[in-house]
Amino acid sequence: MLPLIVFAVGIAFYNYKQDRSDATRRVLENVRSMRLVLDSEVQRMTGGLQMLALTDSLRNDDFVNFRSIALGFLEQYGKSGLVLISDSKGRILFSSTTEDTASLPPRGNMAIVERLFAIKAPQYSDLFNGVYNHRQVLTVEVPVFRDGEVVYDLCFSPPIGIFQTLVEKQRPNTEWTVSLLDTTGTVFARVPNPGETFGKRAAPSLYAEMFRSDEAALSSVSLDGIALASAYTRSHLTGWTVAAGVPESSLIAPLWRNIAITSLIGGVLLLIGLTFAVRMATTIARGEMLHNLLVEELNHRVKNTLALMQAIAVQTFRSASRDERTKFEGRLSALAEAHNLLSQEKWAGSELRDVIARALQPFLLANPDRIRMSGPAVPLSPRLAVVLSMIVHEIATNAAKYGALSNETGRVTLDWEVIADIPKPRLRLIWTETGGPPVTEPVRRGFGSRLIERSARDQLGGEATMDFLPRGVVCTVTCVLDETR
């Protein structure tokens, strides 16, 4: 009997090695998904700041009127957020916390200010001690242009709690250790024990590895002294790093438990044959851990795909213009926002109004009343939610560049209705612009227009029409509604 039990234990150990390899791979896939969510959140902040930088109030140095716009932007992030405007010397020209900017000291972290004026592109800071709130902060900073030159640095210091909340939501379960680190390897969000680890350097075993490559899987010891099977990946947008790991003990414990069970069952099953004993040992050894990891993989597989798309985009647009990169990143962010909404609803679908509100959020920061939405409650399948989110994003982007959202007087009315039809009802969505610049039909259709028409036709089984009326553009999208649970 002993040789058979040893044989069954060997099979259990072999399967443990296979399962551990799968677990390590899934840890890496999870940190890639978390990085995509982090990049999506930071991109949303950056897009909001870039919209603020284009307001007429800021173009005319009207900081009095700009204050209400900036405070509206801050409302979505909480009371501890801060917006600053400084010149190239670090002098504060505007602060969301006070109108008396003359009494404020110069900007902290002048290195990032100088880099922004030199590179003329958004910048993302490491953790540093804030001059105004006297605590450690991170900043997202965008240039304000005038006649092609940078005149101001528009700086946003988001509440650190935003990143802590993001980590807590993305943590697969309570056994995982998840950290966000800046480019110097300093922790600014973590679970577990965020209070004890904030502002500390990464554990030596991770710190030694994280600067050798942009991502890797490795064995490490956490700041809590726990041995982890871990992985990390670095964001190409911010330079920040997402690291995560599961305790080695959680991977080894099932092995010993299953070896004991296998030994016991092996002695009983010896009476009815070696084949049945080996099969049972294999099944028991592979059971519990594979089930949990496969569920986690299902929850994150769409975000993994987006992470791959983002990596491809970084390579593809390396030599492209900033406008081209901005367009693509905007479309990818719109897609990621739709997927975030679906993830919150556990991929059971979502409400049309929520999908539209997510897609239009960056365009409503300066004046939320510019877009009026009206229509009944319409549940959407995941497929429809993603495609309609992309279509609405493209329509709004065109309006912000050329149409009713490109000035201060334009307005948009977005109406929808459900048309009873056989065999399935249809959705009709009408985007109507008024008060924008005079409209003339373009000589050549751009990629955005073609994307709208092809998405409606090929992916929704409907159609999209663009009418360039003198008073403003009218876009009508119709599609067949899927059944939702």
Side-chain angles (χ1 to χ4, degrees), residues 30-46 49 77 80-82 84 107-116 118-119 121-142 153 155-171 177-216 218 220 222-224 228 230-245 307 310 314:
N30 271 281
V31 296
R32 288 171 178 164
S33 298
M34 295 174 196
R35 183 199 64 196
L36 178 63
V37 174
L38 173 64
D39 284 351
S40 176
E41 179 64 29
V42 175
Q43 188 65 47
R44 187 165 70 94
M45 296 178 187
T46 306
L49 290 175
Y77 295 104
S80 58
L82 174 66
L84 298 173
R107 271 287 309 272
N109 195 5
M110 273 300 296
I112 195 172
V113 177
E114 294 169 356
R115 190 162 65 247
L116 180 138
I119 299 177
Q123 300 296 314
Y124 308 94
S125 80
D126 293 324
L127 207 60
F128 68 96
N129 289 318
V131 174
Y132 308 104
N133 48 22
H134 305 294
R135 50 193 173 84
Q136 291 188 300
V137 297
L138 294 163
T139 58
V140 178
E141 316 203 11
V142 302
D153 177 335
C155 169
F156 172 47
S157 174
I160 290 293
I162 289 177
F163 302 106
Q164 183 62 34
T165 300
L166 184 148
V167 166
E168 291 171 355
K169 288 183 177 180
Q170 292 299 310
R171 187 188 193 188
T177 297
V178 181
S179 303
L180 300 183
L181 308 104
D182 65 17
T183 62
T184 67
T186 302
V187 176
F188 63 88
R190 185 182 188 270
V191 282
N193 303 324
E196 292 79 358
T197 55
F198 179 81
K200 290 185 177 181
R201 178 175 287 183
S205 55
L206 174 61
Y207 187 84
E209 294 292 333
M210 63 182 291
F211 297 105
R212 296 182 182 179
S213 61
D214 286 345
E215 69 175 28
L218 69 156
S220 65
S222 72
L223 290 171
D224 310 303
L228 301 175
S230 59
Y232 70 86
T233 183
R234 184 172 297 111
S235 166
H236 294 285
L237 175 66
T238 61
W240 300 340
T241 297
V242 180
Q310 187 178 49
V314 169

Asker: Thr233: which residues meet the side-chain hydrogen bond (donor to acceptor under 3.5 Å, both in side chains) condition with it, sequence neighbours left out?
Answerer: Arg35, Glu215
Asker: So, using side chain to side chain contact (heavy atoms under 4.5 Å, CB included) as the criterion, who are the partners of Thr165 when residues are at least two apart?
Answerer: Lys169
Asker: Identify which one of Thr139, Thr183, Thr46 satisfies the side-chain hydrogen bond (donor to acceptor under 3.5 Å, both in side chains) criterion when paired with Tyr124.
Answerer: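 Single side-chain hydrogen bond (donor to acceptor under 3.5 Å, both in side chains) partner of Tyr124 among Thr139, Thr183, Thr46: Thr46.
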Asker: Let me confirm one number: the CG-CD1 distance from Asp153 to Ile112, rounded to the nearest 0.5 Å.
Answerer: 7.5 Å
Asker: I want to check something: taking the side chain as every heavy atom from C-beta on, are Leu36 and Ser33 in contact at a cut-off of under 4.5 Å?
Answerer: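 Of all side-chain heavy-atom pairs linking Ser33 with Leu36, none is under 4.5 Å.
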Asker: Where do Pro192 and Thr197 come nearest, in terms of heavy atoms and distance?
Answerer: O-OG1, 4.5 Å
Asker: Identify, with sequence neighbours excluded, every residue that meets side chain to side chain contact (heavy atoms under 4.5 Å, CB included) alongside Glu196.
Answerer: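 Asn193.
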Asker: Just how far is it from atom OG1 of Thr177 to atom CG of Leu206, taken to the nearest 0.5 Å?
Answerer: 11.0 Å
Asker: For Leu228 and Ser222, work out which heavy atoms get closest and say how close.
Answerer: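 Of all heavy-atom pairs spanning Leu228 and Ser222, the closest is CD1-CB, 3.7 Å.
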Asker: Identify, with sequence neighbours excluded, every residue that meets ring pair (Phe, Tyr, Trp, His ring centres under 6.0 Å) alongside Phe128.
Answerer: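 Result, ring pair (Phe, Tyr, Trp, His ring centres under 6.0 Å) vs Phe128: none returned.
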Asker: Can you give me the closest heavy-atom contact between Ser205 and Leu218, atom names plus distance?
Answerer: O-CD1, 3.8 Å
Asker: Looking at CD of Gln123 and CZ of Arg115, how far apart are the two atoms once the value is rounded to the nearest 0.5 Å?
Answerer: 5.0 Å
Asker: What residue pairs, at least two apart or across chains, pass ring pair (Phe, Tyr, Trp, His ring centres under 6.0 Å) with a residue in residues 184-203?
Answerer: Phe163-Phe188, Phe188-Trp240
Asker: Tell me the salt bridge (Lys or Arg N to Asp or Glu O under 4.0 Å) pairs involving residues 198-214, sequence neighbours left out?
Answerer: Glu209-Arg212, Asp214-Arg234
Asker: Salt bridge (Lys or Arg N to Asp or Glu O under 4.0 Å): which pairs involve residues 123-141, sequence neighbours left out?
Answerer: Arg107-Glu141
Asker: Once you round to the nearest 0.5 Å, how far does CG of Leu127 lie from CG of Leu180?
Answerer: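 Here the interatomic distance stands at 11.5 Å.
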Asker: Where do Val137 and Ser157 come nearest, in terms of heavy atoms and distance?
Answerer: CB-OG, 3.6 Å
Asker: By side-chain hydrogen bond (donor to acceptor under 3.5 Å, both in side chains), which residues pair with Tyr77, not counting sequence neighbours?
Answerer: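 If we apply the side-chain hydrogen bond (donor to acceptor under 3.5 Å, both in side chains) test to Tyr77, skipping adjacent residues, there are no hits.
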Asker: Name all pairs fulfilling the salt bridge (Lys or Arg N to Asp or Glu O under 4.0 Å) condition that reach into residues 180-191, sequence neighbours left out, sorted by first residue then second.
Answerer: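 The answer is Arg190-Asp224.
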Asker: Taking only residues two or more places apart in sequence, or in another chain, which ones meet Thr186 in a side-chain hydrogen bond (donor to acceptor under 3.5 Å, both in side chains)?
Answerer: Thr184
Asker: Hey, mind stepping through Asn30 and Met34 against side chain to side chain contact (heavy atoms under 4.5 Å, CB included) and telling me if it holds?
Answerer: CA-CA 6 Å; Asn30 271 281; Met34 295 174 196; 4.2 Å; yes
Asker: What's the spacing between Ser125 OG and Leu116 CG if we round to 0.5 Å?
Answerer: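 Reported to 0.5 Å precision, the distance equals 12.0 Å.
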Asker: For Ser235, check side-chain hydrogen bond (donor to acceptor under 3.5 Å, both in side chains) against everything at least two apart and list the hits.
Answerer: Asp39, Thr238
Asker: Quick check: closest heavy atoms across Val178 and Ala244, and the distance to 0.1 Å?
Answerer: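 Result for this residue pair: CG2-CB, 4.0 Å.
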Asker: Nearest 0.5 angstrom please: Gln164 CD to Ile160 CD1, how far?
Answerer: 10.0 Å
Asker: Please list, chain by chain and in numerical order, all residues satisfying ring pair (Phe, Tyr, Trp, His ring centres under 6.0 Å) with Tyr232, sequence neighbours excluded.
Answerer: none
Asker: Is the shortest distance from a Lys or Arg side-chain nitrogen in Glu168 or Arg171 to a carboxylate oxygen in the other one below 4.0 Å?
Answerer: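 No, Glu168 and Arg171 are not salt-bridged.
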Asker: Give the minimum heavy-atom separation between Ser220 and Ser230, together with the two atoms involved.
Answerer: OG-OG, 2.8 Å
